[in-house]
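Down below is the structure, laid out as structure tokens.
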Amino acid sequence: MPTADTHTRFERLLAWRQRHITDRQLIILLSFGIGVLAALSAFLLHQLISLIADTLTQGFDDDSINWLFLAFPMIGILLTMLFVRYVVKDNISHGITRILAAMSSKQGRLKRHNCWTSIVASAITIGFGGSVGAEAPIVLTGSAIGSNIGRLFHLDGRRLMLLVGCGATAAIAGIFKAPLAGLVFTVEVLMIDMTMSSLLPILVASVTATCTTYLLMGTESLFTVQIAEYRLMECLPAGAVLGILCGMVSLYFIRTMNLCERFFARMDNRPYLRWLVGGLTLSILILIFPSLYGEGYDSLNLLMSDDSSAWSQLMHHSLFYGSDHLLLLYVGLVVLTKVFATSATNGGGGVGGTFAPSLFVGGFGGFFFARLWNTYHIGPALAEKNFTLMGMAGVMAGVMHAPLTGIFLIAELTGGYAMLLPLMVVSICAYLTIIVFEPHSIYGIRLARQGKLLTHHTDTSILRLMNVDDIIEYEDITVQPEAQLGDIVDSISRSTKNYVPVVDAAGKLKGEIDVIRLRKVLFRIELYHHFTAAQLMTPPVTMLLHTDPMEEVMDTFERTKAHQLPVVDGDGVLKGYITRSRLYVTYRQMVADYSTE
């Protein structure tokens with residue numbers, strides 16, 4: 001626990017900073033530190049995952065079924081569930097969705113425990129075989145580091161969200177050693193708009209994280225693949241077809257994931273039943289298809305091997321061992337079942353993301369497409385490893401609605417841009433296909449249904465960053481229905497507004513008295529005992545709920561042309577009023593603030 005003396009010293013440091021370091025300079029310095037911390041967090045997580053996985057799977061025979069595959073995933077999910085339930089005591093799943101929610105409704109404020117709890121939980125889940133990715137937990141960790149460092153230095157909401165973006169960028173850049181992909185991910189997925197003031201800190205965080213990872217792990221790419229030679233004009237038509245198929249696979253991925261999520265949500269009050277159903281489903285799938293164990297990057301590397309005989313290693317430890325002629329069937333079934341394995345992991349109580357699963361499904365889908373094409377001689381021969389990479393970009397673009405992230409990530413992972421044009425064709429075709437059926441990414445679909453998703457549409461995003469509590473004017477002068485005109489006049493004399501709310505004994509709004517309409521009787525003392533508030537009041541044009549999104553509030557003002565509208569809670573109790581003038585002044589100020597470079 002920090003002492004009072006420590007707190008005083010830090011306050012003096014903040015005062016010194018305000019005198020000598022500008023906010024822009026501070027953001028640059030903090031982005032550097034966030035880059036280092038996010039990269040260290042990513043390194044720690046991957047080391048923990050490797051340690052657990054290597055310890056558990058050491059000595060497995062390639063030519064036989066390993067029945068421990070039935071036990072390990074269930075144990076991992078159970079340990080994670082207990083950790084989250086009794087140590088964290090908070091929901092830490094859906095990491096990237098959680099960041100989007102914090103940005104749209106909490107101005108980028110993430111809880112302190114998010115700086116470390118996702119690392120522990122996802123390390124246990126994935127190390128024991130959970131079929132999810134480590135990227136979303138690390139993105140949440142990096143963003144939480146940025147958020148809490150910003151709060152430590154008392155930064156405002158706009159700069160806080162910029163540091164959240166720095167943390168997310170650094171996490172992706174650090175994991176994949178891909179600085180450009182980290183930056184583009186933040187723009188496309190987290191909806192951080194690039195201005196000159198935000199671009200530099202995000203670049204600093206991205207480059208810093210990449211360099212830190214280089215120091216810790218060397219400069220080798222995550223996927224050791226040498227791009228095969230190809231003829232561009234022969235590759236592009238097949239790439240366009242693959243892109244459309246990747247879009248359909250992405251739709252299957254998103255819809256199936258949401259369906260499974262709703263299934264497990266029915267068991268929210270029975271956590272051990274969720275664990276049993278999810279754990280058993282995952283364990284059985286891994287027993288049949290060992291490639292589903294963990295993140296699956298080793299399996300992707302096998303598909304991109306220069307030696308085609310390595311492909312058969314995918315079926316080691318499985319019922320398919322020794323049946324090389326069933327490779328195509330095996331790969332196709334893995335594409336279909338990966339989404340169920342991922343859903344069962346998270347639904348059962350594990351913690352992990354869908355970033356790696358989308359890469360996995362895309363890679364296996366691209367390989368399946370090229371292998372099927374070559375087997376049946378549909379056209380000129382295709383290089384399977386090239387199309388494995390293209391499939392990864394395509395499904396990522398579709399699932400995340402992030403075509404640029406798919407393009408740059410795969411280009412940087414392969415150590416060059418030799419396949420840039422084919423990657424662009426696949427990613428764009430996949431994205432154009434998926435948006436016909438699903439307008440939101442897998443991360444944004446939940447928030448979009450609640451009207452809380454930030455977008456690159458400035459007007460919409462500003463409204464979603466606002467909330468009723470920011471602009472409500474609380475009422476302290478009200479009258480009850482039985483109040484006489486004399487009492488009403490007394491209330492009017494103490495009020496600065498041109499209306500007086502009429503509420504009952506419980507505080508529920510019954511109507512409003514328009515001061516302007518009373519001007520003919522206000523000064524006629526002989527009438528003060530002849531009229532009551534119930535006789536003089538008129539019903540409000542409409543009432544706003546304090547939980548209404550600001551888009552709906554704005555629409556209501558436009559529709560009713562009202563100058564002020566009452567805000568009530570769910571029981572109809574008056575909380576206050578929102579005036580048209582304050583609403584528009586606040587809105588214009590936020591637009592100006594978020595447009596400042």
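Remember, predicted model here, so these are calculated numbers, not experimental data. For the single chain, residues carry numbers from 1 onward in sequence order. Heavy-atom basis, side chains included; hydrogens, waters and symmetry copies ignored.
The two residues A209 and A173 have their closest heavy-atom pair at CB-CB, 4.4 Å. Taking every heavy atom of both residues into account, A42 and I175 meet most closely at CB-CG1, 3.8 Å. G129 approaches L282 most closely through the heavy-atom pair O-CD2, 4.3 Å. Residues P357 and F253 approach most closely at CB-CZ, 4.0 Å, considering heavy atoms. Smallest separation of non-hydrogen atoms from G352 and P137: CA-CG, 4.0 Å. Of all heavy-atom pairs spanning S122 and L45, the tightest one is OG-CD1, 3.4 Å.
In this structure the side chain of L409 never reaches within 4.5 angstrom of the side chain of M392, judged on heavy atoms. Two residues are said to be in side-chain contact when any heavy atoms from C-beta on lie closer than 4.5 Å; N258 and R262 meet this criterion. For the pair T22/L26, no side-chain contact is recorded, criterion being any heavy-atom separation below 4.5 Å from C-beta on. For the pair E188/P403, a side-chain contact is recorded, criterion being any heavy-atom separation below 4.5 Å from C-beta on. Annotation: side chain of I119 is in contact with side chain of L48 (closest heavy-atom distance under 4.5 Å). At least one side-chain heavy atom of F364 sits less than 4.5 Å from a side-chain heavy atom of S291. Using a 4.5 Å heavy-atom threshold, the side chains of V361 and V339 count as separate. Looking only at side-chain heavy atoms (C-beta outward), I92 and H113 come within less than 4.5 Å of each other.
More than 12 heavy atoms of other residues, nucleotides or ligands lie within 6.0 Å of OH in Y297, so this atom counts as buried by the packing criterion.
Aromatic ring centres of F128 and Y293 lie farther apart than the 6.0 Å criterion allows.
Atom NZ in K338 sits 11.0 Å away from atom OG1 in T354 (nearest 0.5 Å). Here the CZ atom belonging to F367 is positioned 10.0 Å from the CG atom belonging to L302, to the nearest 0.5 angstrom. Atoms CD1 and CG, from I49 and D54 in turn, are 11.0 Å apart once rounded to the nearest 0.5 Å. The line from CE of M161 to CZ of R109 is 9.5 Å long, rounded to the nearest 0.5 Å. If you take CD1 on I28 and OG on S31, they are separated by 5.0 Å, rounding to the nearest 0.5 Å. Here the CE atom belonging to M400 is positioned 6.5 Å from the CG atom belonging to L359, to the nearest 0.5 angstrom.
Checked by atom type and distance alone, the side chain of R159 never pairs as donor or acceptor with a backbone atom of R24 at under 3.5 Å. The backbone N or O of I434 lies less than 3.5 Å from no partner atom in the side chain of H401, so there is not a single donor-acceptor pair. The backbone N or O of L423 lies less than 3.5 Å from a partner atom in the side chain of S427, making a donor-acceptor pair. Looking at T80, its side chain never comes within 3.5 Å of a backbone N or O of G350 through a donor-acceptor pair. N148 contributes a side-chain N or O that, together with a main-chain N or O of L110, makes up a donor-acceptor pair within less than 3.5 Å. S206 contributes a side-chain N or O that, together with a main-chain N or O of P179, makes up a donor-acceptor pair within less than 3.5 Å. Remark: side-chain polar atoms of T342 are paired, donor with acceptor, to backbone N or O of S131 under 3.5 angstrom. Formation of a donor-acceptor pair under 3.5 Å by the E412 side chain with backbone atoms of L180 is found in this model.
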Before giving the answer on salt bridge (charged side-chain N to carboxylate O under 4.0 Å, His left out), spell out for E220 and K177 the whole-Å C-alpha distance, their side-chain angles and the decisive distance to 0.1 Å. CA-CA 9 Å; E220 291 184 0; K177 303 176 187 175; over 6 Å; no
(message) One pair to check against side chain to side chain contact (heavy atoms under 4.5 Å, CB included): V139 and V189. What are the steps and the verdict?
(response) CA-CA 12 Å; V139 170; V189 177; over 6 Å; no
* May I have the step-by-step check of ring-ring contact (aromatic ring centres under 6.0 Å, His included) for F176 and F355, ending in yes or no? => CA-CA 12 Å; F176 294 112; F355 200 111; 5.5 Å; yes
Give the intermediate values and the outcome of side chain to side chain contact (heavy atoms under 4.5 Å, CB included) for residues V553 and V567.
CA-CA 10 Å; V553 172; V567 180; over 6 Å; no
*Determine, step by step, whether L155 and I27 satisfy the side chain to side chain contact (heavy atoms under 4.5 Å, CB included) criterion, reporting the C-alpha distance in whole Å, the side-chain angles of both residues, the deciding distance to 0.1 Å, and the verdict.*
CA-CA 9 Å; L155 296 179; I27 292 294; 3.7 Å; yes
Can F185 and T169 be said to form a side chain to side chain contact (heavy atoms under 4.5 Å, CB included), step by step?
CA-CA 7 Å; F185 170 84; T169 301; over 6 Å; no
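Exactly one residue among T405, I410, I407 makes a side chain to side chain contact (heavy atoms under 4.5 Å, CB included) with M396. That residue is T405.
Between the side chains of K385 and S305, no donor-acceptor pair of N or O atoms lies under 3.5 Å. Donor-acceptor pairing under 3.5 Å is lacking for the side chains of T141 and S118.
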